[in-house]
Amino acid sequence: MAARFEELAWRETPIGEISLRRRRDPSLDVDVYEVKLDDEFLMSSLFPVAEIELARLGLAPLTADTLDVVVGGLGLGYTARTALEDPRVRSLLVVEAIEDVIDWHRRDLLPFAAGLAADPRTRFVRADFFAAVAGGAGLDPESPGRRFHAVLLDVDHSPRQVLHPSHAAFYTVEGLRRLAALLHPDGVFALWSNDPPDSAFQRVLTEVFPTSVAHVVRFPNPLQRREAANTVYVARH
């Protein structure tokens, strides 16, 4: 019988102690995979709906036959794995700051993300997404200035609740203009947020992108026995 609780990976990082753990939830009769940063929960396999919708909503407005996509923040892999389900995606660049998170996927520790690392369209880049955008060279170290059809970002809790103070500058007009410069015309920037739609951040988006929409993604929370919601912002260049 598998253990009720197992810490699969742990590492001290510049932003805190990050760990991946698996536990058996007896009430739901499922294995739950969770990522923690210090004592704070970052993500859980119990609540993947909004991470999945980040990819679906982000790619939906695009009309090109072939797509080059960036996922910022790998986590449990739901966004990246869902992006690969779109047959138009010819390349997926995953920008992740923590090597251990990439290693989780290379070691197939997450059964629901199976095939992500092995897919020939996938390439992992160990880099700070925010520093890469701010630096001016772009997100692909092998091709400085390379443009993409979509950038799907899921790192911070929200534009107001960032994991590190250095991330805050990205969510300004200047920061988003740097990101927009890395998109093809009509390209999409999509962002996951744990908070309700933020009118102040939406105003920032409208200063940079011609169109933007805040989608409220609702899903059941089996632990609290209530409905929960996240926000996915989709802005088009």
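The ring-ring contact (aromatic ring centres under 6.0 Å, His included) analysis of residues 83-120, with sequence neighbours excluded, yields the pairs Tyr33-Phe112, Tyr78-Phe112. Residue pairs that meet the ring-ring contact (aromatic ring centres under 6.0 Å, His included) test with at least one member in residues 136-159, sequence neighbours left out, are His149-His184.
Contact check for Ser193 versus Asp198: no side-chain heavy atoms found under the 4.5 Å cut-off. Between Leu191 and Phe201 there is a side-chain heavy-atom pair separated by less than 4.5 Å. Taking 4.5 Å as the limit, every side-chain heavy atom of Ile52 sits out of range of all side-chain heavy atoms of Val49. Inter-residue side-chain proximity for Leu110 and Leu20 is flagged as met; some heavy-atom pair is nearer than 4.5 Å. Leu182 places none of its side-chain heavy atoms less than 4.5 Å from the side chain of Val151. With a 4.5 Å cut-off on side-chain heavy atoms, Lys36 and Glu7 do not count as touching. Residues Leu139 and Val133 form a side-chain contact, since some pair of their non-hydrogen atoms from C-beta on lies under 4.5 Å apart. Using a 4.5 Å heavy-atom cutoff, the side chains of Val232 and Val216 are not in contact.
Here the closest heavy-atom approach between residue Glu53 and residue Val217 is recorded as CG-CG1, 4.0 Å. In plain terms, the two heavy atoms of His167 and Val155 that are nearest each other are CE1-CG1, 4.1 Å. Of all heavy-atom pairs between Gly58 and Val188, the closest is O-CG1, 3.3 Å. Smallest separation of non-hydrogen atoms from Val234 and His215: CG2-CD2, 3.7 Å. Closest heavy-atom contact between Val173 and Glu207: CG2-OE1, 3.7 Å. The minimum heavy-atom distance linking Gln202 with Pro197 is given by the pair OE1-CB, 3.9 Å.
Surrounding CG of Asp65 are at most 12 heavy atoms belonging to other residues, nucleotides or ligands under 6.0 Å away. Under a cut-off of 6.0 angstrom, the local environment of CZ in Arg121 is crowded, with over 12 non-hydrogen atoms contributed by other residues, nucleotides or ligands. Applying the 6.0 Å contact sphere to CD of Glu174 captures no more than 12 heavy atoms from other residues, nucleotides or ligands.
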task: Test ring-ring contact (aromatic ring centres under 6.0 Å, His included) on Tyr233 and Phe189 and set out the steps.
output: CA-CA 8 Å; Tyr233 299 95; Phe189 167 57; 8.8 Å; no
query: Where do Glu96 and Arg126 land on the salt bridge (charged side-chain N to carboxylate O under 4.0 Å, His left out) test, with the steps shown first?
result: CA-CA 5 Å; Glu96 170 56 53; Arg126 195 189 83 68; over 6 Å; no
task: Could you go through the salt bridge (charged side-chain N to carboxylate O under 4.0 Å, His left out) check for Glu227 and Arg218 one step at a time?
output: CA-CA 7 Å; Glu227 185 180 71; Arg218 304 186 186 278; 3.8 Å; yes
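The residue from Asp68, Val70, Thr66 that alone fulfils the side chain to side chain contact (heavy atoms under 4.5 Å, CB included) condition with Ser91 is Asp68.
The aromatic rings of Phe130 and Tyr171 lie tilted to each other, with the angle between the two planes from 30° to 60°.
By the side chain to side chain contact (heavy atoms under 4.5 Å, CB included) test, Ala97 pairs with no residue at all, sequence neighbours left out.
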